[in-house]
Amino acid sequence: MEGNPAVTDSVTAFDFSALPVVDNHLHPYVISHGKKRYAPLNSFLGMPGEDEATLAHRDAMLYQRWATRQLAAFLSCDADPEVVAAARANQGDERAWAERLFRDQNIEALVVDTGYPQPPLDMCGYRAITPAEILTIYRIEPPIKALLDAGVPWDEFVQRFDEGIARAIRDEGFLGLKSIIAYRTGLEIDISHESDAAGKTGLTHALSDRDDMMASKPLRDHLLLRALRLAVDLNVPFQIHTGIGDRDIVLERCNPALLNSVLKREPYRDAKVILIHTYPYVAEASWMAAALPNVWMDLSEGVPFALAAVDRIFATALELAPINRILYGSDAFAGPEQIWLGAKIAKAALARVFSDLLRKDLVTEDEARDAARAILAGNARVLYGVLG
Ligand SMILES: [Zn+2]
C-alpha cells in the first residue's frame, strides 16, 4: 500500500475523556421513576406522555436511541428503553449514582438556570442529590411576570425589578443574569424603548392586554436593556436564550444575529453576554463572538440533543469565535444522566473535530488540547469567576 496507512479519515488523535467539565448551562430537576421511558433519555423535544403513538414518535429520535444505548452500557443491561428505565430505578441512593456518572466524565461544576422549571424547585433538594459545585443564574422573567400580575405602577415596578437583580447578585449568591425574551417577544430589541418614559408607556401597553404577548414587547425590550446595564454595573455575565427551544419559542425571532445592533453599541457592548444554545445559528453566533468585544457563545441543547450535528456544531463554533469565547453546556433538565451524556458526546466530538484540524495542519497538538480544556471547563471558570 502506498502512502501512510496510519493516517485515515477515521483516526482520532486525541482522547479528551478525562478532561474536567464545567457545564455552563443546565436546569435543576427532580428525579422521577415508574415511567416506561426514563425522563433523562427523552429529547427536550417530542410530545410528552406515554401512549403508544407518543412513545413511537420520541423513540424514532436519534438522541433517544443513542442515549438509551449509552446508559444501557453503563448499567450493563439490555438497550431496551423499559429495561434501562427499570435498571436505573434500582440504583438506590441518588447522590451515589450521580457520583458514579460525574466521576466517569470528571464533571466538576454546574452553572444552573433556576428559572426553569416554574415554580422554582427546592435547591436544597437538588444540591442534596448533586455531587458537584453548583453555581446559580438569576432569570429576569419570573419577577417580570410577578410584577405584571401585581399590576403595580411604574415607579414601584422598576424599583422592585432593579432591587431584585441587585439582591440576587449581592446577597443571594447568583453569579449572573439570564433572559428568555426569545420565548416572549423575540430578540429584535428596539433601542427606542431604552428610556424610562418608553418603559413606562410599555408597562401601560403590557397591562392593557395581558393575553397578547406582543403587547408587552416595548416593556420587555426596555427591561432587557435595563438589566444589561445593571449587569455592567454589577460586573456579572448575562445569559440570553437564542436559537431553538421548547414548543413555545418564538422561532422566527430567535436568531442571535437579531441582538447584534444592541450588543455593538454603548453601554451594552460592555456587558458580558453569553448567547445560550445558538443552534442552529451557530455560525452567526461564532461571528458575533469574534466581532464583538464581550460576547461568548454556548453550545448547549444542540449538544447533545441535535445528536448528529454535534461535531458540526463544534467545528462551526471554531470557525470564527476565539477559543476563549466558546462554552460547553448540556441544557440538562431531567437528571444527572443528561449531564453525563452531554459531556460524553462533547468530549468525543471535540476529539474528532480537533483531530481533523490537526490532520489539516490548522492547529498544533498543544493548541488542540488547550482549546478542548478551555471549552469544556476553563472558559466558564474565568467568565463566572469561579477558578477551581
Ligand atoms: Zn436551558
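Counting convention: from 1, in listed order, for ligands and their atoms alike.
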Compare every heavy atom of A109 with every heavy atom of R381, then report the nearest pair and how far apart it is.
->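 Shortest heavy-atom contact: NH2-CB, 3.9 Å.
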Over all heavy atoms of both residues, which pair between W287 and N260 is shortest? Give the atoms and the distance, please.
->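 Nearest heavy atoms, W287 then N260: CZ3-OD1, 3.5 Å.
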H27, N/O/S atom nearest the Zn ion (ligand 1) |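 Distance check against the Zn ion (ligand 1) picks out NE2 in H27.
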Write the atom name of the N, O or S atom in D331 that is nearest the Zn ion (ligand 1).
->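 Result for D331 and the Zn ion (ligand 1): OD1.
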Please confirm whether Y384 and W296 have ring centers closer than 6.0 angstrom.
->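 So the answer is no for these two rings.
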Is the distance from the Zn ion (ligand 1) to the nearest N/O/S atom of H277 under 2.8 Å?
->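 No, outside the cut-off.
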Can you measure from CD (E301) to CD1 (I276) and round to the nearest 0.5 angstrom?
->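 Reported value, rounded in 0.5 Å steps: 10.0 Å.
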